[in-house]
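Values below: every heavy atom of this structure, side chains too, minus hydrogens, waters and symmetry copies.
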Amino acid sequence: MEKMSQAQIAIVAGTGIADLFNVKQFEEFNTSYGPSSLGRLRIGSRDVIILLRHGIGYTIPPHRINYRANIFSLKESGVKSIFASSAVGSMRRSMKPGDLVLVDQVVDFTKGRSQTYFDGESGKVVFTDVTNPYSDHLRHVILKATKKLHVKMHQKGTYLCTEGPRFETAGEIRLFRKLGCDVVGMTGCPEVFLARELGMDYASIAIVTNWAAGIAQKVTHEEVLEMMREKGPIAKLIIEEAISSIGEK
Ligand code: HPA
């Protein structure tokens with residue numbers, strides 16, 4: 001695939017958002033970490049790249065996603081800013097199913113994923129600062145968009161990333177709450193860290209699809225998908241408004 005060198009903005013579309021953008025054509029992009037599929041769309045005056053995190057047709061589970069290939073293909077395509085979305089369970093009474101959370105911190109409990117581009121192969125040791133892993137600039141742009149659209153958004157939240165693909169036990173959720181985490185998902189890591197390693201801005205809108213395990217009776221994939229059907233269109237609107245407003249500059 002030719003480099004999409006004009007597009008400086010990308011959307012990483014998570015569960016329930018991918019289909020809403022209605023992009024029909026995807027092209028395979030080969031990286032040294034493996035292949036990635038990228039689509040193109042236009043938002044306002046901007047060319048935007050879209051990456052479906054779970055693959056075309058929603059076929060790749062969280063622990064099998066090739067995060068390194070995905071993020072590398074965006075970098076190679078000239079992307080500087082990434083707007084991501086993800087479905088999450090809530091561990092906080094104040095963050096209810098249906099709410100949106102603009103996460104500002106992350107705690108990584110994944111286990112078996114390729115975490116870094118700096119694996120020592122180049123003969124260099126590189127440590128990356130991730131004190132504040134999400135871009136303040138993009139978070140600000142998203143918050144402005146939610147205000148303009150009169151949509152409620154929790155302005156902060158700590159995202160805990162599990163390995164999946166199983167949901168959590170009630171005991172795990174009790175522990176994660178004690179650690180100060182607010183929402184739980186399976187795809188935020190290492191995506192956010194890889195973007196930082198390559199010097200790209202990254203922000204993520206978390207859509208609360210369910211109460212985390214042990215808070216309600218049971219967690220099901222169906223309730224996650226159902227809530228995404230309801231709230232996905234709003235998350236999509238916010239991302240579109242945010243991207244258009246960057247374009248106005
Ligand atoms: N746990 C992990 N990932 C999730 C959840 C959850 O409760 N809901 C949506 N993604």
> Between OG of Ser245 and CD1 of Ile142, what distance do you get to the nearest 0.5 Å?
Replying inline: 9.5 Å

> side-chain contact (heavy atoms from CB on, under 4.5 Å) between Thr158 and Val106: does it pass, once the steps are laid out?
Replying inline: CA-CA 5 Å; Thr158 296; Val106 60; over 6 Å; no

>> Working note: Phe109 + Val184, criterion side-chain contact (heavy atoms from CB on, under 4.5 Å); need CA distance, chi angles, decisive distance, verdict.
In response: CA-CA 10 Å; Phe109 268 59; Val184 57; over 6 Å; no

>> Under a 3.5 Å cutoff, is there a donor and acceptor pairing between the side chains of His154 and Asp99?
In response: yes

>> If you define the side chain from C-beta out and look only at heavy atoms, does anything of Gln105 sit under 4.5 Å from Tyr159?
In response: no

> Under 3.5 Å, is there a donor-acceptor pair linking the side chains of Thr116 and Glu197?
Replying inline: yes

> Side-chain contact, heavy-atom cut-off 4.5 Å: Leu100 with Lys152?
Replying inline: no

>> Strictly below 4.0 Å, N to O, side chains only: are Asp119 and Arg68 in salt-bridge contact?
In response: yes

> Just wondering, do Cys181 and Met91 contact through their side chains at under 4.5 Å, heavy atoms?
Replying inline: yes

>> Connecting only ILVMFWY residues whose side-chain heavy atoms lie within less than 4.5 Å of each other, what is the rest of Phe167's hydrophobic cluster?
In response: Met186, Val219, Val224

> Rounded to the nearest 0.5 Å, what separation is found between the OG atom of Ser36 and the CD1 atom of Ile71?
Replying inline: 8.5 Å

> Side chain of Arg64, backbone of His54: donor and acceptor closer than 3.5 Å?
Replying inline: no

> Going only through I, L, V, M, F, W and Y residues with side-chain contacts under 4.5 Å, is there a path from Ile207 to Leu20?
Replying inline: no

>> Please check: side-chain N/O of Arg139 versus main-chain N/O of Leu102, any donor-acceptor pairing under 3.5 Å?
In response: yes

> What about Val107 and Met95, same hydrophobic cluster or not, with Ile/Leu/Val/Met/Phe/Trp/Tyr joined at side-chain heavy-atom distances under 4.5 Å?
Replying inline: no

> Rounded to the nearest 0.5 Å, what separation is found between the CG atom of Asp201 and the CD atom of Gln8?
Replying inline: 11.0 Å

> Honestly curious: do Phe26 and Ile43 fall in one hydrophobic cluster under the side-chain, below-4.5 Å linking rule?
Replying inline: yes

> Is the closest side-chain heavy-atom distance between Ser37 and Leu51 below 4.5 Å?
Replying inline: no

> With sequence neighbours left out, which residue pairs that include part of residues 59-86 fulfil the ring pair (Phe, Tyr, Trp, His ring centres under 6.0 Å) condition?
Replying inline: Tyr33-Phe72, Phe72-Tyr117

> Would Leu175 and Glu172 count as a side-chain contact (heavy atoms from CB on, under 4.5 Å) if you check the C-alpha gap in whole Å, the side-chain angles of each, and the deciding distance to 0.1 Å?
Replying inline: CA-CA 5 Å; Leu175 171 71; Glu172 285 169 334; 5.6 Å; no

>> Looking at every non-hydrogen atom in both residues, tell me the closest pair between Ser77 and Leu38 and how far apart they are.
In response: OG-CD1, 3.6 Å

> How are the rings of Tyr134 and Tyr202 set relative to one another: parallel (under 30°), tilted (30 to 60°) or perpendicular (over 60°)?
Replying inline: tilted

> To the nearest 0.5 Å, how far apart are OG in Ser114 and CD1 in Ile65?
Replying inline: 13.0 Å

> Quick one: are Tyr58 and Asp19 in side-chain contact, heavy atoms under 4.5 Å?
Replying inline: no

> Got Val183 and Leu160 here, is their nearest side-chain heavy-atom distance under 4.5 Å?
Replying inline: no

> Quick one: are Ile49 and Ile9 in side-chain contact, heavy atoms under 4.5 Å?
Replying inline: no

>> For Asn132 versus Arg196, what's the shortest heavy-atom pair and its separation?
In response: O-NH2, 2.7 Å

>> Looking at Arg40 and Asp47, is any side-chain nitrogen of the basic one under 4.0 Å from a carboxylate oxygen of the acidic one?
In response: yes

>> Quick check on side chain to side chain contact (heavy atoms under 4.5 Å, CB included): which of Leu138, Leu194, Val79 does Met200 satisfy it with?
In response: Val79

>> Can you confirm whether more than 12 heavy atoms, excluding those of His140, are under 6.0 Å from its NE2 atom?
In response: no

>> For residues Ile56 and Ile17: do they belong to one hydrophobic cluster (side chain heavy atoms under 4.5 Å, members Ile, Leu, Val, Met, Phe, Trp, Tyr)?
In response: yes

>> Side chains of Met227 and Asn210, heavy atoms from C-beta outward: is any pair under 4.5 Å?
In response: no

>> Whether Lys218 and Glu223 form a salt bridge (side-chain N of Lys/Arg under 4.0 Å from carboxylate O of Asp/Glu) is what I want to check.
In response: no

> Under 6.0 Å from the six-membered ring centre of Trp211 and within 45° of its axis: does the NZ or CZ of Arg93 meet both?
Replying inline: yes

> Between Ile11 and Ile243, does a side-chain contact (heavy atoms from CB on, under 4.5 Å) hold up when you go through it step by step?
Replying inline: CA-CA 9 Å; Ile11 297 167; Ile243 290 174; 3.8 Å; yes

> Would one find more than 12 heavy atoms of other residues, nucleotides or ligands at under 6.0 Å from atom CD of Glu226?
Replying inline: no

> Applying the 4.5 Å side-chain criterion to the ILVMFWY set and letting contacts propagate, would Phe21 and Ile205 be lumped into a single cluster?
Replying inline: yes

>> Test: salt bridge (Lys or Arg N to Asp or Glu O under 4.0 Å). Region: residues 48-60. Which pairs qualify, not counting sequence neighbours?
In response: Arg53-Glu191

